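Working notes, beginning with the structure itself.
None of these values were measured; they are calculated from a predicted model.
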Amino acid sequence: METIKKKAHLNDKSLYTEVIPSGITGIEDWAYSGCSNLSELYIPKEAGSISPKAFKGCDKLDRIFIYENEPRNVLNKEPHMLALSVKKWPAKTELLVRESINTEIFQKCYDELLIAFLNEPDETGFDPFPAGGEEDYEGEENDLPLFIMKKQEQKAHLIYERLRTDGIDEVRYIDYLNDHRKDAAFTFLLRHSLYENAYRKMYFEMKLPQTEELPLLIEKASEDVELKSMLIRYGQSLKENEEKTEEPFSKYEL
């Protein structure tokens, strides 16, 4: 049995795409930790033992492909969702990688983890004074409002990604954004460019912004020409729809 050994590629900034060879059955602690430029990863199906710390600090990891025999034989249909979930729930890495081969089971697993996360108070996990000392804190936020803002945007991001896929109860997630995270759903679009066209399209399709909110949103998006333009066009469409709704009753006006 061959494994990727502990710290084998620790802090290797030269890695952008990594194909873990077929035949590797495990990935040990910190094997790829700190590979801050790693964006694409291919893992062989037989790599059943994966440390929760294997990909710690791989913040740009965008796609994880599970393959059989050779990299072109990819088995999972949601590589971005897998990468996103592995970064969010590292303790579940083995489970997520294993279940990703079956799309329906993987989506169910993702939904369970996501719903639990959405129900979690935004301040959960905040600790400005770690018991182990500053060297063990690894750069986590020590400002509560900033911590909460990032947590809320993370929740919006995870929902956006789930809405990109099939087999989903859209109403549940759209209602959550409308009721709890409407601001975060917008500020996430301002701060992140990843899949921005898909996410921005969803934002308007969900009809999250209301007419009275548009002036403020347009002001916030003043430096983002494309998003600002989308907000203006959306506002015009809302106005046109309102006018059409009023027309059938105009003949009854005195």
Side chains of L214 and L238 in contact at under 4.5 Å (non-hydrogen atoms): yes
Short N-O contact, E213 and K182, less than 4.0 angstrom: yes
Exam field: side chain N37 to backbone K13, donor-acceptor pair closer than 3.5 Å: yes
Contact list for residues 100-124, test salt bridge (charged side-chain N to carboxylate O under 4.0 Å, His left out), sequence neighbours left out: D111-R162, E120-K151, D122-K155, D122-R181
Closest contact, heavy atoms only, Y67 versus P21: OH-C, 3.2 Å
Cation over ring face, K220 and F186, 6.0 Å, 45°: no
Residue pair S237 / R233, side-chain donor-acceptor N/O under 3.5 Å: no
I101 CD1 to F106 CZ distance, which is reported to the nearest 0.5 Å: 11.0 Å
Given K45, E46, E70, the one that forms side-chain hydrogen bond (donor to acceptor under 3.5 Å, both in side chains) with S22: E46
Minimum heavy-atom distance K53-S33, with the two atoms named: O-CB, 4.0 Å
Nearest heavy-atom neighbours spanning A185 and L177: CB-CD2, 4.2 Å
Contact summary for T211 and P215, nearest pair of heavy atoms: O-CD, 3.7 Å
Closest non-hydrogen atom pair between I168 and Y173, with its separation: CD1-CD1, 3.7 Å
Salt bridge flag under 4.0 Å for residues K150 and E153: no
Distance-only side-chain donor-acceptor flag, S85 / K87, under 3.5 Å: no
Heavy-atom closest pair, residues I27 and A54: CG2-CB, 3.8 Å
S51-D29 side chain donor-acceptor pair, cut-off 3.5 Å: yes
